[in-house]
Number of protein chains: 2
Amino acid sequence: MTETQEPTRRDQILATAAELFAARGFHGVSVADLGAACGISGPALYKHFPSKQAMLAEMLVSISEELLAVGRARVAEAAGPADAVRALVDWHVEFALGHRPLIIVQDRDWESLPEQAREQVRRLQRQYVDLLAAQLLAQRPDLPRAAAHAAAQAAFGLLNSTPRAGHAISDDALRTLLADMAVAALGSVT
Amino acid sequence: MTETQEPTRRDQILATAAELFAARGFHGVSVADLGAACGISGPALYKHFPSKQAMLAEMLVSISEELLAVGRARVAEAAGPADAVRALVDWHVEFALGHRPLIIVQDRDWESLPEQAREQVRRLQRQYVDLLAAQLLAQRPDLPRAAAHAAAQAAFGLLNSTPRAGHAISDDALRTLLADMAVAALGSVT
DNA sequence: TGAGGAGGTTAACGATCATTAACCTGGCCG
DNA sequence: CGGCCAGGTTAATGATCGTTAACCTCCTCA
């Protein structure tokens with residue numbers, strides 16, 4: 001019952017789609033390209049997804065949901081605000097390093113989503129940023145809310161620079177480098 | 001001789017193009033849209049630019065050149081590495097706040113550039129990041145080059161989160177918030 | 001056995017777009 | 001005066017692309 005599901009065909013398609021979208025942009029990949037990369041061709045994708053936009057929507061909604069859900073769980077487990085900040089940063093950098101293409105697509109191509117999914121993703125992302133902002137406010141109650149929100153957003157901007165980086169540095173080194181930088185940046189907010 | 005040139009028609013077109021590209025993405029703006037936003041219509045743009053891609057190229061190459069040139073000047077004026085880091089961060093945040101659309105377009109749509117311009121922008125951006133990385137290395141000679149480079153890139157990722165922020169916070173407050181965060185983040189790199 | 005659906009295929013359609021063609025117009029200069 | 005050219009216009013072109021249609025072929029299972 002709790003065994004891990006083997007990856008379905010849809011998941012494989014989504015994974016290669018994420019890589020192609022990350023590399024060339026949503027509009028830079030045709031369904032023919034995408035099909036070819038999956039070993040099938042063009043219109044066969046429509047047996048699995050109703051449209052090209054639906055693929056983008058599915059991948060972006062699901063990662064936004066996962067980021068938020070796990071983020072909330074980590075905050076709940078934390079001993080206090082400082083602990084929670086560290087936990088959120090660690091979670092985000094762990095996710096970003098493990099899913100580089102998705103991170104790239106999420107902050108480059110979210111505007112190509114259909115209206116409904118775009119709103120959903122925006123709402124999830126906003127809740128996710130607010131999760132971090134709330135911990136900053138818990139630490140420094142006199143911090144203006146707008147400043148806390150901007151600081152949280154800036155921290156994620158730092159962490160999301162990850163996937164664009166070359167591979168001249170090991171993942172482990174990059175992980176601690178980025179996490180330390182983000183925590184230091186957030187610590188400087190008064 | 002040294003008087004400031006009045007903005008030419010081309011510049012006005014580039015400015016509105018930057019705003020439209022930032023709002024909807026390079027592929028999300030048709031030449032008809034862009035013409036309409038300029039008060040002329042569609043093909044008239046070809047009296048000023050040889051192609052739509054050429055507009056993108058001109059704006060991205062020129063801002064990359066300006067960022068690098070001024071960045072070098074600020075470093076040259078600086079008293080030492082720590083001073084240079086602060087100067088580079090201040091310069092970048094000043095530029096980013098003053099040219100939000102260009103910053104958005106630069107890191108979202110640079111892949112839509114024609115081959116030649118893309119290489120040129122990549123080279124300029126790399127030199128710009130190296131400018132900051134070099135100051136970090138001057139401060140901490142035993143820092144691995146790859147780590148310095150990654151740290152510099154992360155700092156710019158933080159600063160470039162600026163333009164996407166809502167306007168709930170004043171530009172002045174945002175300027176110092178981001179600059180302090182970036183400096184703190186860079187200071188944490190050992 | 002044989003019906004049916006899941007998952008392919010290729011061909012065609014319709015829309016959108018960047019770009020070009022062909023043409024117009026008003027102001028500047030010889 | 002008269003021609004030219006900078007800077008517009010609208011209409012046509014050609015390519016690309018997402019999507020649909022029509023058809024095929026196993027595999028499953030009653």
Side-chain angles (χ1 to χ4, degrees), chain A residues 5-61 105 108-118 121, chain B residues 5-61 105 108-118 121:
Chain A
Q5 289 289 43
E6 64 174 333
T8 164
R9 196 72 209 277
R10 285 172 58 93
D11 296 337
Q12 297 173 4
I13 293 174
L14 284 179
T16 76
E19 279 169 28
L20 283 189
F21 291 167
R24 312 212 296 264
F26 180 73
H27 290 289
V29 179
S30 70
V31 297
D33 290 340
L34 179 50
C38 294
I40 61 185
S41 252
L45 295 169
Y46 288 80
K47 302 291 177 168
H48 302 276
F49 299 92
S51 71
K52 188 190 176 195
Q53 279 193 330
M55 297 184 218
L56 184 66
E58 185 159 327
M59 70 175 80
L60 292 196
V61 168
V105 174
R108 200 227 286 109
D109 289 323
W110 67 272
E111 319 197 26
S112 299
L113 286 171
E115 175 67 17
Q116 186 197 2
R118 181 163 61 240
V121 168
Chain B
Q5 288 290 45
E6 63 175 335
T8 164
R9 196 72 207 277
R10 285 171 58 94
D11 295 338
Q12 296 174 5
I13 293 174
L14 284 180
T16 75
E19 279 169 28
L20 283 190
F21 291 167
R24 312 212 297 265
F26 179 73
H27 290 289
V29 178
S30 69
V31 297
D33 292 339
L34 179 50
C38 295
I40 60 185
S41 250
L45 294 170
Y46 288 80
K47 301 290 176 167
H48 301 276
F49 298 92
S51 74
K52 189 190 176 194
Q53 278 192 332
M55 297 183 218
L56 184 68
E58 186 160 325
M59 69 175 82
L60 292 195
V61 168
V105 174
R108 200 227 286 108
D109 290 323
W110 68 271
E111 318 198 27
S112 299
L113 286 171
E115 175 68 16
Q116 185 196 3
R118 181 163 61 242
V121 168

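Small disclaimer: the values here were computed from a predicted structure and weren't measured. Letters A, B, ... mirror the listed sequences (proteins, then strands); counts begin at 1.
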**Request:** May I ask you to check whether Ser30(B) and Asp33(B) show a side-chain donor-acceptor distance below 3.5 Å?
**Result:** yes
Whole angstrom is fine here: how far is it from [atom1] in [X] over to [atom2] in [N]?
{"X": "Ile13(A)", "N": "dG8(C)", "atom1": "CD1", "atom2": "C1'", "answer": "12 Å"}
{"X": "Leu45(A)", "N": "dT9(C)", "atom1": "CG", "atom2": "C1'", "answer": "13 Å"}
{"X": "Ile40(A)", "N": "dC24(D)", "atom1": "CD1", "atom2": "C1'", "answer": "16 Å"}

**Request:** Would you check if Lys52(A) and Leu34(A) make a side-chain contact, meaning some heavy-atom pair closer than 4.5 Å?
**Result:** no
**Fill in**
Value for CG (Leu60(A)) from OG (Ser112(A)), rounded to nearest 0.5 Å, stands at 9.5 Å
**Request:** Mind telling me whether Phe21(A) and Phe26(A) have parallel, tilted or perpendicular rings, with 30° and 60° as the class edges?
**Result:** perpendicular
**Request:** Tell me, with the steps shown, if Ile40(B) and Arg9(B) meet side chain to side chain contact (heavy atoms under 4.5 Å, CB included).
**Result:** CA-CA 12 Å; Ile40(B) 60 185; Arg9(B) 196 72 207 277; 3.9 Å; yes
**Message:** At under 4.0 Å between heavy atoms, how does the protein contact nucleotides 17-22 of chain D? Give one character per nucleotide, 5' to 3', with B, S or -.
**Reply:** -SBB--
Could you pull out all donor-acceptor pairs under 3.5 Å where a side-chain atom in residues 43-51 of chain B meets a protein atom, sequence neighbours excluded?
{"residue": "Ser51(B)", "atom": "OG", "partner": "Gln53(B)", "partner atom": "N", "Å": "3.4"}
{"residue": "Ser51(B)", "atom": "OG", "partner": "Ala54(B)", "partner atom": "N", "Å": "3.0"}

**Prompt:** Taking OP1 and OP2 of dG8(D), is either one under 4.0 Å from a side-chain nitrogen or oxygen of Arg9(B)?
**Reply:** yes
**Message:** Looking at His48(A), I'd like to know whether one of its side-chain N or O atoms comes within less than 4.0 Å of OP1 or OP2 on dG8(C).
**Reply:** yes
